S.K.: 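Take this structure, written in structure tokens, and hold onto it; I'll ask about it next.
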Amino acid sequence: IKNQNLTRARDYLQKNGVKAEYVEAEGPAGDAILETARAQKANLIVMGGYGKSPLINVAIGSTVDQMMREFEKPILICR
């Protein structure tokens, strides 16, 4: 599934003319995103919004919540 998601993301971005670097990492998504953003000295993270219901996100947390708590720079959340 992981490789399928990366392939789908790459195909979508290329189809829409977006140039990007692609990183495949192990472990929790939030940790991998933060580590990569900091290593690349990113000044903005663009990410999708909540995938689960807001109630579930409140109960168990989400990657979006982790990014908002831990990333020091702007985050654009698309829904």
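Everything numeric in this text was worked out from a predicted model, so none of it was measured.
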S.K.: Output the distance between atom CE (M47) and atom CG (L76), rounded to the nearest 0.5 Å.
M.R.: 10.5 Å
S.K.: Apply side-chain contact (heavy atoms from CB on, under 4.5 Å) to the pair V23 and Q40, showing each step before the final yes or no.
M.R.: CA-CA 11 Å; V23 177; Q40 296 290 325; 5.6 Å; no
S.K.: Taking all heavy atoms of M67 and all of L34, pick out the closest pair and write down the distance.
M.R.: CE-CG, 3.5 Å
S.K.: Could you report the tightest heavy-atom contact between F71 and A42, atom names first, then the distance?
M.R.: CZ-O, 3.7 Å
S.K.: Before giving the answer on side-chain contact (heavy atoms from CB on, under 4.5 Å), spell out for T36 and E21 the whole-Å C-alpha distance, their side-chain angles and the decisive distance to 0.1 Å.
M.R.: CA-CA 11 Å; T36 301; E21 276 187 50; over 6 Å; no
S.K.: For residues P74 and N43, report the shortest heavy-atom separation together with the two atoms involved.
M.R.: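 Heavy atoms of P74 and N43 come nearest at CD-O, 3.4 Å.
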S.K.: If every non-hydrogen atom of T63 is compared with every non-hydrogen atom of I33, which pair is closest and at what distance?
M.R.: CG2-CD1, 3.9 Å
S.K.: Determine whether more than 12 heavy atoms belonging to other residues, nucleotides or ligands lie under 6.0 Å from atom CD of E70.
M.R.: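 Counting other residues, nucleotides and ligands, CD of E70 exceeds 12 neighbours.
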S.K.: Transitively linked via ILVMFWY side-chain contacts under 4.5 Å: I75 with L44?
M.R.: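 No, separate clusters.
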S.K.: Nearest 0.5 angstrom please: R10 CZ to L6 CG, how far?
M.R.: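 It comes to 4.5 Å.
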S.K.: Determine the minimum heavy-atom distance between Y22 and Q14, stating which atoms define it.
M.R.: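 Nearest pair, atom of Y22 first, then Q14: OH-CG, 4.1 Å.
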S.K.: Side chains of D31 and Q66: does their closest heavy-atom pair fall under 4.5 Å?
M.R.: yes
S.K.: Using a cut-off of 6.0 Å, state whether more than 12 heavy atoms not belonging to N16 lie near its atom CG.
M.R.: yes
S.K.: How far apart are the closest heavy atoms of A37 and I45, and which atoms are they?
M.R.: CB-CD1, 4.0 Å
